[in-house]
Amino acid sequence: KLDENVFLVSRTHSGSAGLVRLGMLDGRPVAVKTYYASHADITENMYNEHLLEEARSAKILDDLGIGPKFHGIYNDSDGKINVVMDVVPGDFERAMGKYINHQTFHDLDILYSRLGAHGYKETGDLQFFVTQEGRIKAIDPGSLTPYKARATSADWYAVHVPELDLFKDEYHLRLSSLLMDSDKEIGSAYLSSLARSSPQKYWDLRNYIHGKSHLDYYAKLYGKYFF
């Protein structure tokens, strides 16, 4: 059952064409996502194709344990395709800064490591929510692009390919965002731990932020932690 008058929204972000409504499935609340055309050159069929791709990605994220439970596709009274997933009680990191903790950073590592370990190299417009427990869930599945045939976990970890290298720029972008929005004490503790456990990873991140410090956002971030 879909309540077409109840919308699930962020306190800080708004998608250009996405619309997420509250539904009920077997007595539990679910998020029901569709698109409404906002550009004359984008047809309804193009939106439907994109939603089917999002549905495929949502199922993968659910299977990997890094996204909400995926329930399937729903056709609403307007004939539009909708992607149906569990509701994630949270928001984007900008609105949830006070809840970011060490587990949040660990979850970000898990998200990209699992995607890499299962053969994906690009995530499209993948977005995640932070919950009040500081956990990360990928709520906007984007479009996952494979780079190789899926390997078994045993085969993959036997050759020990560094999964995070596949997403290095995207990973650094998301990690920078968490650091900017988190409490300085939490972010500093994470960076200190990272410097001890993985010096190369620490310096890769620091150099990434410094390399973009001509931009005001990154200049503020660099000043927050490295001055």
Side-chain angles (χ1 to χ4, degrees), residues 2-3 6-15 18-34 54-55 57-72 74 82-118 120 123-144 163-164 167 170-194 205 221 224-225:
L2 175 65
D3 191 330
V6 179
F7 303 94
L8 303 176
V9 299
S10 166
R11 286 183 289 167
T12 61
H13 290 68
S14 175
L19 180 68
V20 184
R21 293 173 289 188
L22 178 67
M24 296 296 292
L25 180 66
D26 298 329
R28 64 190 295 179
V30 289
V32 184
K33 178 182 179 180
T34 191
E54 283 205 7
S57 298
K59 178 65 166 61
I60 293 168
L61 296 173
D62 178 12
D63 289 344
L64 296 181
I66 53 180
K69 182 173 178 56
F70 170 70
H71 294 285
Y74 167 74
N82 293 252
V83 179
V84 184
M85 299 176 288
D86 272 358
V87 174
V88 176
D91 206 332
F92 294 106
E93 62 268 27
R94 186 177 300 172
M96 301 294 284
K98 67 180 180 180
Y99 299 110
I100 294 173
N101 55 42
H102 192 80
Q103 182 65 50
T104 316
F105 294 100
H106 182 60
D107 281 358
L108 189 69
D109 282 358
I110 290 173
L111 188 152
Y112 285 108
S113 293
R114 288 185 183 174
L115 287 172
H118 286 78
Y120 299 96
T123 63
D125 191 32
L126 177 72
Q127 303 290 333
F128 60 78
F129 265 10
V130 177
T131 71
Q132 289 189 3
E133 294 73 37
R135 305 307 302 265
I136 281 178
K137 282 290 184 181
I139 53 96
D140 194 343
S143 178
L144 301 177
E163 300 92 342
L164 289 178
F167 304 98
E170 181 180 340
Y171 171 71
H172 284 158
L173 175 68
R174 301 300 178 87
L175 188 50
S176 295
S177 181
L178 285 182
L179 286 167
M180 178 62 89
D181 293 319
S182 70
D183 180 82
K184 183 177 180 179
E185 183 177 348
I186 296 294
S188 296
Y190 167 76
L191 289 170
S192 296
S193 174
L194 184 65
L205 173 64
L221 180 59
K224 181 177 180 179
Y225 291 108

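The first residue of the sequence shown is numbered 1, and numbering continues consecutively from there. This one's a predicted model, so the numbers in the text were calculated from it and none came from an experiment.
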Output the distance between atom [atom1] ([X]) and atom [atom2] ([Y]), rounded to the nearest 0.5 Å.
X    : Y   : atom1 : atom2 : result
E54  : T34 : CD    : OG1   : 9.5 Å
L115 : L61 : CG    : CG    : 6.0 Å
N82  : H71 : CG    : NE2   : 14.0 Å

Tell me if a side-chain donor or acceptor on [X] pairs with a main-chain N or O of [Y] at a distance below 3.5 Å.
X    : Y    : result
D181 : G97  : no
T104 : G134 : yes
S192 : S188 : yes

Could you tell me which residues satisfy salt bridge (charged side-chain N to carboxylate O under 4.0 Å, His left out) with [X], sequence neighbours excluded, listed by chain and number?
X    : answer
D62  : none
K137 : none
D86  : R28

Does Q127 reach the side chain of R174, with side-chain heavy atoms less than 4.5 Å apart?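 Side-chain contact under 4.5 Å: yes.
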Report yes if some heavy atom in the side chain of V30 is under 4.5 Å from a heavy atom in the side chain of Y74; otherwise report no.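 When only atoms from C-beta onward are counted, Y74 and V30 do not touch, as no gap falls below 4.5 Å.
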Non-neighbouring partners of [X] that pass side chain to side chain contact (heavy atoms under 4.5 Å, CB included), sequence neighbours left out:
X    : result
D107 : Q103, I110, R135, I136
S182 : I100, F105, Y225
D183 : E185, I186

Evaluation steps, side chain to side chain contact (heavy atoms under 4.5 Å, CB included), between M96 and F129: CA-CA 9 Å; M96 301 294 284; F129 265 10; over 6 Å; no
So with a 6.0 Å cut-off around NZ of K224, is the heavy-atom count from everything else above 12? yes
Can you check side chain to side chain contact (heavy atoms under 4.5 Å, CB included) on F128 and L178, steps first, answer last? CA-CA 11 Å; F128 60 78; L178 285 182; 4.3 Å; yes
R114 and G65: which non-hydrogen atoms are nearest, and at how many Å?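 Where R114 meets G65 most closely, the heavy atoms are NH1-O, 3.7 Å.
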Would you sort out whether D109 and Y171 count as a side-chain hydrogen bond (donor to acceptor under 3.5 Å, both in side chains), showing the intermediate values? CA-CA 8 Å; D109 282 358; Y171 171 71; 2.4 Å; yes
Can you check side chain to side chain contact (heavy atoms under 4.5 Å, CB included) on D63 and H118, steps first, answer last? CA-CA 11 Å; D63 289 344; H118 286 78; over 6 Å; no
Verdict with supporting geometry, I139 and V20, side chain to side chain contact (heavy atoms under 4.5 Å, CB included): CA-CA 11 Å; I139 53 96; V20 184; over 6 Å; no
